[in-house]
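Worksheet: one structure, shown below.
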Amino acid sequence: MLVWRTLLLLWAMAEATKDCPALCTCQALETMGLWVDCRGRGLLALPTLPAYTRHLLLANNSLHTVPPGAFDHLLQLQTLDVAQNPWHCDCSLTYLRLWLEDHAPESLRHVRCASPGLAAHRPLGQLTGYELGSCGWQLQESWAYLSVWWDMVLVAVALLGLALLAGLLCTTTQPLD
Ligand SMILES: *[C@@H]1O[C@H](CO)[C@@H](O)[C@H](O)[C@H]1NC(C)=O
């Protein structure tokens with residue numbers, strides 16, 4: 001039992017130092033997770049985070065945006081503090097907002113936007129989909145194109161089918177004449 005605990009502790013310490021972002025401090029939790037503290041380090045972009053990150057503190061930095069999907073590989077992530085950053089609240093920040101809504105809705109109140117003009121000084125959680133921007137519309141537009149092509153394919157197949165049917169009718173009715 002003691003051996004197991006010691007091994008676990010050694011593993012956790014190794015893990016905490018190995019993948020810790022250069023500007024952050026990492027601390028191993030007792031239950032195989034990491035406390036990653038990057039507060040007030042002047043970060044301009046999200047650092048590469050260790051896979052076992054459980055509590056991530058990013059407050060008081062210069063972060064503008066979070067790439068969509070940035071936390072998807074952090075399966076243990078539970079808390080995320082992103083307050084006091086100059087967030088640029090356009091449609092690409094929808095990912096961060098949805099992540100916080102799903103995992104830590106209370107912390108969403110402390111996330112304020114710095115830009116663009118329409119969103120400045122407002123909490124990210126209060127912006128409507130319209131105010132966050134038109135990512136969704138672009139997506140719908142490309143899907144609309146796809147469905148126009150699909151319709152054309154269907155029409156072509158139907159015409160081909162009719163032509164074949166007509167041909168078939170001609171060849172079967174001719175001997176009767
Ligand atoms: C924010 O971080 C800066 C360093 O980047 C530090 O000097 C300042 O005290 C911090 N402010 C707060 C409120 O933590």
Side-chain angles (χ1 to χ4, degrees), residues 2 4-142:
L2 190 70
W4 173 240
R5 279 192 72 98
T6 311
L7 278 178
L8 200 65
L9 197 70
L10 281 177
W11 173 88
M13 278 161 58
E15 203 53 45
T17 46
K18 187 173 59 124
D19 294 328
C20 193
L23 287 167
C24 309
T25 48
C26 299
Q27 216 180 319
L29 303 167
E30 274 191 26
T31 46
M32 289 173 108
L34 291 181
W35 169 278
V36 181
D37 187 351
C38 311
R39 284 176 294 183
R41 311 295 159 95
L43 294 179
L44 290 165
L46 200 66
T48 306
L49 296 160
Y52 296 99
T53 303
R54 184 167 304 164
H55 306 290
L56 177 57
L57 311 179
L58 292 166
N60 187 21
N61 279 291
S62 302
L63 300 172
H64 294 273
T65 195
V66 162
F71 306 125
D72 286 356
H73 67 295
L74 306 176
L75 301 177
Q76 293 200 29
L77 190 59
Q78 283 174 5
T79 48
L80 180 59
D81 180 5
V82 295
Q84 294 168 271
N85 278 283
W87 294 113
H88 183 72
C89 297
D90 68 358
C91 67
S92 55
L93 219 58
T94 303
Y95 172 78
L96 177 65
R97 173 168 160 172
L98 292 179
W99 196 96
L100 289 170
E101 266 175 16
D102 287 349
H103 298 86
E106 71 288 349
S107 70
L108 200 52
R109 275 184 290 133
H110 308 296
V111 183
R112 283 187 179 273
C113 306
S115 59
L118 193 68
H121 310 303
R122 295 177 57 195
L124 174 61
Q126 277 184 12
L127 298 182
T128 64
Y130 173 77
E131 288 167 327
L132 266 177
S134 60
C135 279
W137 298 351
Q138 282 161 16
L139 198 69
Q140 271 170 14
E141 214 173 310
S142 64

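If you're wondering where the values come from, they're calculated on a predicted model, not measured in any experiment. Heavy atoms only: backbone and side chains are in, while hydrogens, waters and symmetry mates are out. Order of appearance sets the numbers: ligands from 1, and atoms from 1 within every ligand.
- Protein residues with any heavy atom under 4.0 Å from ligand 1: Gly40, Asn60, Gln84.
- Applying the salt bridge (Lys or Arg N to Asp or Glu O under 4.0 Å) test to every pair with at least one member in residues 107-126, sequence neighbours left out, gives these pairs: Arg122-Glu131.
- Looking at Arg97, its side chain never comes within 3.5 Å of a backbone N or O of Leu132 through a donor-acceptor pair.
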Hey, can you pull the donor-acceptor pairs under 3.5 Å for the side chains in residues 63-70, sequence neighbours left out?
from: His64; atom 1: ND1; to: Pro86; atom 2: O; distance (Å): 3.4

Can you give me every donor-acceptor pair (side chain of residues 37-45, partner residue at least two apart or in another chain, under 3.5 Å) with its distance?
from: Asp37; atom 1: OD1; to: Arg39; atom 2: N; distance (Å): 3.0
from: Asp37; atom 1: OD1; to: Arg39; atom 2: NE; distance (Å): 3.1
from: Asp37; atom 1: OD2; to: Arg39; atom 2: NH2; distance (Å): 2.9
from: Arg41; atom 1: NE; to: Arg39; atom 2: O; distance (Å): 2.9
from: Arg41; atom 1: NH1; to: Leu23; atom 2: O; distance (Å): 2.6

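- A donor-acceptor contact shorter than 3.5 Å is absent between the side chain of Asn61 and the backbone of Asn85.
- Side chain of Asp102 to backbone of Leu100: no donor-acceptor contact under 3.5 angstrom is found.
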